[in-house]
Amino acid sequence: QVQLVESGGGLVQAGGSLRLSCAASRRTTSNNGMGWFRRTPGKEREFVAGISWNSGSTSYADSVKGRFTISRDNAKSTLYLQMNDLKPEDTAVYFCAAALGAMAGVSSSGYRYWGQGTQVTVSS
């Protein structure tokens, strides 16, 4: 069993930045793609960003391209999401997830382990 724990969420003004972290309990996640998803009340969980096992491939939702950067440090079993130029519509609970395979797809069905989430609130 892999446990994922997110941190770094909080309240920030529009235009500000936050860096989310996701610590994995086991280094086995270094062989898996990892992703960030978010969910707002009344909406489905949506893909935000994904990164392959060796950081060779990254992907982003159109809504966050150019503002968010996903990265990972396999030696520390930690995933990151740097969020810049935050907007009120970025307000959501953010979840990290470990993919079933080495790549990170956009569908939540491709992920096996999930964190509990961290709240990000962007005020206007």
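The basis for the numbers below is simple: all heavy atoms, side chains too, and nothing from hydrogens, waters or symmetry mates.
A donor-acceptor distance shorter than 3.5 angstrom exists from the side chain of Tyr111 to the backbone of Gly105, with no hydrogens or angles considered. One N or O on the side chain of Glu6 and one on the backbone of Gln116 form a donor-acceptor pair closer than 3.5 Å. Looking only at distances, no side-chain donor or acceptor of Thr91 sits under 3.5 Å from a matching main-chain atom of Thr121. The main-chain N or O of Ala92 is never found under 3.5 Å from a side-chain atom of Thr40 such that the two would form a donor-acceptor pair. Thr118 places a side-chain N or O within 3.5 Å of a backbone atom of Gly9 that can act as its donor or acceptor partner.
In this structure, Leu11 stands alone, with no Ile, Leu, Val, Met, Phe, Trp or Tyr side-chain heavy atom under 4.5 Å from its own, directly or through other members.
You'll find the side chain of Gln3 stays beyond 4.5 Å of the side chain of Trp114, heavy atoms only.
No chain of hydrophobic side-chain contacts below 4.5 Å, direct or via other Ile, Leu, Val, Met, Phe, Trp or Tyr residues, connects Tyr60 to Val106. In this structure, Phe95 is not a member of the same hydrophobic cluster as Phe68, with clusters built from ILVMFWY side-chain heavy atoms closer than 4.5 Å.
Once rounded to the nearest 0.5 Å, the distance linking CE of Met34 with OG1 of Thr58 reads 14.5 Å. Once rounded to the nearest 0.5 Å, the distance linking OG of Ser52 with CG of Asn31 reads 12.0 Å. The CG atom of Leu100 sits 8.0 Å away from the OG atom of Ser109 when rounded to the nearest 0.5 Å. Note that OG of Ser124 is 13.5 Å distant from NZ of Lys87, once rounded to the nearest 0.5 Å. The distance from the CG atom of Asn54 to the OG atom of Ser30 is 10.5 Å, given to the nearest 0.5 Å.
For the pair Arg72 and Trp53, the NZ or CZ position fails the cation-pi test of under 6.0 Å to the six-membered ring centre and within 45 degrees of the ring normal.
In summary, Lys65 and Asp62 engage in a salt bridge, as defined by a charged side-chain N under 4.0 Å from a carboxylate O.
With sequence neighbours left out, the ring-ring contact (aromatic ring centres under 6.0 Å, His included) criterion links Tyr94 to no other residue. Partners of Glu46 according to the salt bridge (charged side-chain N to carboxylate O under 4.0 Å, His left out) rule, which considers only residues two or more places apart in sequence or in another chain, are Arg38. By the ring-ring contact (aromatic ring centres under 6.0 Å, His included) test, Phe47 is found to be paired with Phe37, residues two or more places apart in sequence or in another chain being considered. Evaluation of the salt bridge (charged side-chain N to carboxylate O under 4.0 Å, His left out) rule for Lys43 yields no partner, not counting sequence neighbours.
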Kindly list each side-chain donor-acceptor pair under 3.5 angstrom involving residues 78-86, sequence neighbours excluded, with atom names and distances?
unit_1: Thr78; atom_1: OG1; unit_2: Lys76; atom_2: O; d: 2.8
unit_1: Gln82; atom_1: NE2; unit_2: Asn84; atom_2: OD1; d: 2.9
unit_1: Asn84; atom_1: OD1; unit_2: Ser17; atom_2: OG; d: 2.9

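Minimum interatomic distance between Cys96 and Leu4 (heavy atoms only, all atoms of both residues): SG-CB, 3.7 Å.
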